[in-house]
Amino acid sequence: MDATTLQTFTSPVVLFFVLGMVAAFARSDLAIPEAIAKGMSLYLMAAIGLKGGVAVSKSGIDSTVLAALGAGIAASFLIPFAAYALIKGFGRLDRINAGAVAAHYGSVSVVTFVTAVEILEAQSKPPGGYMVAVMAAMETPAILSGLLLARGMGSKGDQSKGELLHEVFFNASVVLLLGAFAIGMIGGGDGFSEVSPFFEAGFKGVLCLFLLDMGLIAARRIMDARALTWRLVVIAIGLPLVNGALGAALGTIIGLDVGSAAALGVLCASASYIAVPAAMRLALPEADPGIYLTMSLSLTFPFNILVNIGLISATASALAGMMGASAP
């Protein structure tokens with residue numbers, strides 16, 4: 001076991017996630033009240049947005065930031081098309097469910113990203129603060145392409161379309177992430193210093209408890225799953241593996257540092273289980289949540305947290321070494 005993998009498995013945030021899964025599989029009555037879990041989610045998104053905005057206020061917006069944003073948006077829009085072909089063909093899902101699942105795999109998981117940032121920082125590979133903006137920008141393009149694949153935008157009425165667009169662009173995670181990012185940019189380091197005791201001192205502790213809750217939820221959904229086939233399980237593991245490696249390679253090619261390239265890989269590998277399900281409930285109510293939620297939350301999310309973040313980090317480091325070796 002190499003150092004990168006060892007650091008992943010000995011990280012407290014990962015171990016709390018494992019604790020939650022073990023407790024659920026053991027049928028413990030351990031639980032975190034929903035109101036507290038929601039409060040922790042809001043805290044984490046606000047903190048990561050603020051810190052990203054402060055980092056960008058110090059470094060400025062340059063060609064590297066713009067390249068990362070462009071790459072992230074393009075990946076979010078295009079990944080569902082490849083995922084759809086695999087899910088519909090190999091996975092044998094109908095058009096509606098295949099489109100809904102594909103949208104999840106083009107969008108991103110905020111918690112996976114936050115966990116990856118903690119692990120990468122522990123490995124001395126901190127991603128650039130601008131990756132928070134890339135994460136926020138990658139939430140919505142996949143929803144649009146997933147809907148196009150499922151049945152196209154033209155089949156819904158104007159009111160439903162308006163509700164969907166509002167859900168896509170003004171859902172809680174997008175508003176809070178971008179809003180906190182803007183506040184961080186405007187306030188800068190001096191402004192952040194006033195609130196840093198709250199947003200920095202307790203960040204890792206809150207993340208540990210939040211991942212404990214996510215471990216409980218993921219394991220309990222696995223035990224209750226009824227709609228999954230072995231083919232969908234393979235897809236839920238295979239897609240993040242391929243997407244993560246391709247994302248890390250893309251980040252390396254456009255000139256991102258190792259940590260930022262790894263973060264882009266994690267974003268490409270993650271699957272949404274908050275923003276996209278909310279949008280699918282409005283746009284594709286006939287799609288089966290038992291399929292797309294179980295795949296994204298109970299299979300892909302644990303795989304990324306426990307295994308794939310470490311693999312993507314190692315891949316980004318190896319690619320950076322190869323690029324450095326090939327440079328004149």
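Cation-pi geometry between Lys38 and Tyr43 is not satisfied (NZ or CZ under 6.0 Å from the ring centre, within 45° of the ring normal).
Shortest non-hydrogen contact noted between Ile79 and Gly106 is CG2-CA, 3.9 Å. Leu267 and Met131 get closest at one heavy-atom pair: CD1-CE, 4.0 Å. Closest of all the heavy-atom pairs between Pro126 and Asp257 is O-OD1, 3.8 Å. When every heavy atom of Ile312 is checked against every heavy atom of Ala262, the shortest pair comes out as CG2-O, 3.4 Å. Contact detail for Ala271 and Ser109: the closest heavy-atom pair is O-CB, 3.5 Å. Taking each heavy atom of Pro141 and Phe77 in turn, the nearest pair found is O-CD1, 3.7 Å.
At distances below 3.5 Å, not a single donor-acceptor pair connects side-chain atoms of Ser76 with backbone N or O atoms of Gly72. The backbone N or O of Leu293 lies less than 3.5 Å from no partner atom in the side chain of Arg221, so there is not a single donor-acceptor pair. In terms of modelled atom types and a separation under 3.5 Å, the side chain of Asn97 and the main chain of Ile291 share no donor-acceptor contact. Between the side chain of Ser298 and the backbone N or O of Met295, no donor-acceptor pair lies under 3.5 Å. Between the side chain of Arg231 and the backbone N or O of Phe90, at least one donor-acceptor pair lies under 3.5 Å. Between the Asp213 side chain and the Leu216 main chain, no donor and acceptor come within less than 3.5 Å of each other. Although no hydrogens or angles enter the test, the distance criterion places a donor-acceptor pair under 3.5 Å between the side chain of Thr315 and the main chain of Leu311. Side-chain atoms of Asn304 come within 3.5 Å of backbone N or O of Ala269 as a donor-acceptor pair.
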Show, in sequence, the C-alpha distance, side-chain angles and deciding distance for Val117 and Lys51, and conclude whether the side chain to side chain contact (heavy atoms under 4.5 Å, CB included) test is met. CA-CA 12 Å; Val117 169; Lys51 290 192 283 188; over 6 Å; no
Using side chain to side chain donor-acceptor pair (under 3.5 Å), reason through Ser193 and Asp190 one step at a time and then give a plain yes or no. CA-CA 5 Å; Ser193 64; Asp190 293 338; 5.4 Å; no
Quick one, Tyr84 with Ser145, criterion side chain to side chain donor-acceptor pair (under 3.5 Å). Give me CA distance, side-chain angles, the key distance, then yes/no. CA-CA 10 Å; Tyr84 176 82; Ser145 51; over 6 Å; no
Chi angles and distances behind the side chain to side chain contact (heavy atoms under 4.5 Å, CB included) call for Val111, Phe301: CA-CA 9 Å; Val111 181; Phe301 179 67; 3.9 Å; yes
Val134 vs Ile73, side chain to side chain contact (heavy atoms under 4.5 Å, CB included): CA-CA, chis, key distance, verdict: CA-CA 8 Å; Val134 176; Ile73 292 170; over 6 Å; no
Please test Leu44 against Phe210 for side chain to side chain contact (heavy atoms under 4.5 Å, CB included), starting from the C-alpha separation and ending with a verdict. CA-CA 9 Å; Leu44 292 172; Phe210 187 77; 3.8 Å; yes
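Here CG of Leu256 is found 12.0 Å from CG of Leu319. Values are rounded to the nearest 0.5 Å. Considering CD1 of Ile143 and CE of Met280, their distance stands at 6.0 Å, rounded to 0.5 Å. Atom CG of Leu177 is separated from atom CZ of Phe113 by 9.0 Å, given to the nearest 0.5 angstrom. Interatomic distance, Asn308 CG to Asn243 CG, rounded to the nearest 0.5 Å: 9.5 Å. Here the CE-CG distance, from Met135 to Leu264, works out to 12.5 Å after rounding to the nearest 0.5 Å. Interatomic distance, CE of Met40 versus CE of Met214, reported as 10.0 Å (0.5 Å rounding).
Under 3.5 Å, the side chains of Tyr130 and Ser260 contain a donor-acceptor pair of N or O atoms. Remark: the Gln123 side chain and the Ser313 side chain contain an N/O donor-acceptor pair separated by less than 3.5 Å. Tyr105 and Thr300 are linked by a side-chain donor-acceptor pair at a separation below 3.5 angstrom, with hydrogens and angles left out of the test.
The shortest distance between side-chain heavy atoms of Val276 and Glu139 does not fall below 4.5 Å. Within the 4.5 Å cutoff, the side chain of Lys125 has heavy atoms near those of the Ser317 side chain. Looking at Val22 and Val18, their side chains come closer than 4.5 Å, going by heavy atoms from C-beta outward. A 4.5 Å side-chain heavy-atom check between Val233 and Leu299 finds at least one atom pair inside the cut-off. The side-chain heavy atoms of Glu118 and Ser11, taken from C-beta on, include no pair separated by under 4.5 Å. For the pair Leu30/Leu212, a side-chain contact is recorded, criterion being any heavy-atom separation below 4.5 Å from C-beta on. When side chains are defined from C-beta on, Ile87 does not count as touching Arg92, because their heavy atoms never get closer than 4.5 Å. Between Val108 and Ser272 the shortest side-chain heavy-atom distance does not fall below 4.5 Å.
Val258 and Leu246 fall into different hydrophobic clusters, where Ile, Leu, Val, Met, Phe, Trp and Tyr are joined by side-chain heavy atoms under 4.5 Å apart, directly or via other members. The hydrophobic clustering, which links ILVMFWY residues whose side-chain heavy atoms are closer than 4.5 Å, places Leu19 and Phe303 together. Ile186 and Val175 fall into different hydrophobic clusters, where Ile, Leu, Val, Met, Phe, Trp and Tyr are joined by side-chain heavy atoms under 4.5 Å apart, directly or via other members. With hydrophobic clusters built from ILVMFWY side chains whose heavy atoms lie under 4.5 angstrom apart, Ile237 shares a cluster with Ile309. The cluster map of Ile, Leu, Val, Met, Phe, Trp and Tyr, joined by side-chain heavy atoms under 4.5 Å apart, puts Val54 and Leu120 in different clusters.
Heavy atoms from other residues, nucleotides or ligands lying under 6.0 Å from CD1 of Ile61 number 12 at most.
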